[in-house]
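Scroll down for the structure; my scribbles are underneath it.
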Amino acid sequence: MSLFEEERRRLLALLAAQSVEHRRVVLASGRESDFYVDCKRTVLTAEGHWLVGRLLFALVKQLAPQVVGIGGMTMGADPLASAVSLISHLAQQPLHAFYVRKEPKGHGTNRWIEGLHGVPEGARLVVVEDVVTTGGSTLKAIERVLEGGYVVDAVLAVLDRQEGGKEALQARGYQLGSLFLRSDF
């Protein structure tokens, strides 16, 4: 078994133990579900942060090696982008972390995106998400990145809930790469 697969299995075990709940919830998409995953419970632990950074960085290098940054909609993408950026620095292949605000900053520069200061327009980026259900928040993040003058080369997630998000992204020309599917749980 490869190191990637060993680390993936360990992250899956951590997510299953710390982040998965089987109870009725209303998701950000407005849908009801009896399967809820709060990835932050796992990825904000030291081990979870390390693992998700290593695994997502490996996917970035495989699927979009020419990108210069990774980020997405705050707050789900924040620890993911941070972890990948740190791992990329340790690998001497640095990627900028960036965060897309839900609302523009209400003062100063009124920016939608933080973390791309000095990154030129036209730069190639990865949009990352913790959990994709319908793809709505991922598409909003992509829209903000494109409005900023950047190119989205890849879209990655920790978990694809397999509820239409992948198809919604494909309809807009984006492929979704994910570490896990709902069926993995």
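The basis for the numbers below is simple: all heavy atoms, side chains too, and nothing from hydrogens, waters or symmetry mates.
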Check your understanding: Does a side-chain heavy-atom distance below 4.5 Å link T74 with V100?
Key -> no
Check your understanding: Where do L116 and I113 come nearest, in terms of heavy atoms and distance?
Key -> CD1-CG2, 3.7 Å
Practice item. Could you tell me whether the side chains of R24 and S33 share a donor-acceptor contact shorter than 3.5 Å? Key: no
Check your understanding: Between R8 and E5, does at least one N-O distance fall below 4.0 Å, as a salt bridge requires?
Key -> yes
Review point. Looking only at heavy atoms, what is the nearest atom pair of A64 and D153, with distance?
Key: CB-CB, 4.1 Å
Review point. Which atom names give the shortest non-hydrogen contact between V52 and A83, and what distance separates them?
Key: CG1-CB, 4.0 Å
**Study point:** CG-CG distance between L125 and L146, expressed to the nearest 0.5 angstrom
**Key:** 9.5 Å
**Study point:** Heavy-atom donor-acceptor pair, S19 side chain to D38 backbone, under 3.5 Å
**Key:** yes
Review point. Can you find a pair of side-chain heavy atoms, one from L86 and one from W50, that are under 4.5 Å apart?
Key: no
Point to revise | Electrostatic pair D130-R161, nearest N-O below 4.0 angstrom | key: no
Exercise for review: Could you check D78 against M75 for side-chain contact (heavy atoms from CB on, under 4.5 Å), going step by step and ending with a plain yes or no?
Suggested key: CA-CA 5 Å; D78 297 355; M75 148 156 304; 4.3 Å; yes
Review point. Are L59 and V132 linked, directly or through other ILVMFWY residues, by side chains that come within less than 4.5 angstrom of each other?
Key: no
**Study point:** Side chain proximity check, I142 to V145, heavy atoms < 4.5 angstrom
**Key:** no
Check your understanding: Do the side chain of H49 and the main chain of V43 share a donor and acceptor less than 3.5 angstrom apart?
Key -> yes
Practice item. Kindly indicate whether the side chain of D34, heavy atoms from C-beta on, has any atom under 4.5 Å from the side chain of H22. Key: no
Review point. Given the rule in the side-chain contact (heavy atoms from CB on, under 4.5 Å) test, do L56 and L179 qualify, once you have shown the distances and angles that lead to the verdict?
Key: CA-CA 8 Å; L56 287 173; L179 292 174; 3.9 Å; yes
Exercise for review: Please report the closest heavy-atom contact between G71 and A77, naming both atoms and the distance.
Suggested key: C-CB, 4.3 Å
**Study point:** side-chain contact (heavy atoms from CB on, under 4.5 Å) evaluation trace for V20 with F35
**Key:** CA-CA 7 Å; V20 174; F35 176 75; 3.7 Å; yes
**Study point:** Reported CG-to-CG distance for the pair L55 and L12, which is rounded to 0.5 angstrom
**Key:** 11.0 Å
Review point. Counting only heavy atoms not in R172, do more than 12 sit closer than 6.0 Å to its CZ atom?
Key: no
Review point. Less than 4.5 Å apart, any side-chain heavy atom of Y150 and any of R124?
Key: no
Review point. Roughly how far, to the nearest 0.5 Å, is the CD atom of Q18 from the OG1 atom of T42?
Key: 4.5 Å
Review point. Looking at A81 and Y99, what are the two nearest heavy atoms and their distance?
Key: CB-CE2, 4.2 Å
Practice item. Step by step, work out the side-chain contact (heavy atoms from CB on, under 4.5 Å) result for E47 and L14. Key: CA-CA 9 Å; E47 183 181 11; L14 289 173; 3.7 Å; yes
Check your understanding: Can you tell me how far CD of Q175 sits from CD of Q170, rounded to the nearest 0.5 angstrom?
Key -> 4.5 Å
Check your understanding: How about K140: does its NZ atom have over 12 heavy atoms from other parts shown lying under 6.0 Å from it?
Key -> no
Review point. Got a donor-acceptor contact below 3.5 angstrom from the Q162 side chain to the S183 backbone?
Key: yes
Check your understanding: Going hydrophobic residue to hydrophobic residue with side-chain gaps under 4.5 angstrom, can you get from L156 over to F98?
Key -> no
**Study point:** Y174 with V60, same ILVMFWY side-chain cluster at under 4.5 Å
**Key:** no
**Study point:** Polar side chain donor-acceptor pair, T138 to E129, under 3.5 angstrom
**Key:** yes
Exercise for review: Check whether L44 and F57 end up in the same hydrophobic cluster, where Ile, Leu, Val, Met, Phe, Trp and Tyr are linked by side-chain heavy atoms less than 4.5 Å apart.
Suggested key: no
Check your understanding: Less than 4.5 Å apart, any side-chain heavy atom of L15 and any of V158?
Key -> yes
**Study point:** D160 and K166 ion-paired at < 4.0 Å
**Key:** no
Review point. Do the side chains of R144 and R101 get nearer than 4.5 Å, heavy atoms only?
Key: no
Review point. Does atom NZ of K102 have more than 12 heavy-atom neighbours, drawn from other residues, nucleotides or ligands, at distances under 6.0 Å?
Key: no
Review point. Given side chains that start at C-beta, do those of L11 and E7 come closer than 4.5 Å, heavy atoms only?
Key: no
Check your understanding: Just by modelled atom types, is the L95 backbone N or O under 3.5 Å from a matching donor or acceptor in the S85 side chain?
Key -> yes
Point to revise | Cluster link F4 to V126, ILVMFWY, side chain under 4.5 Å | key: yes
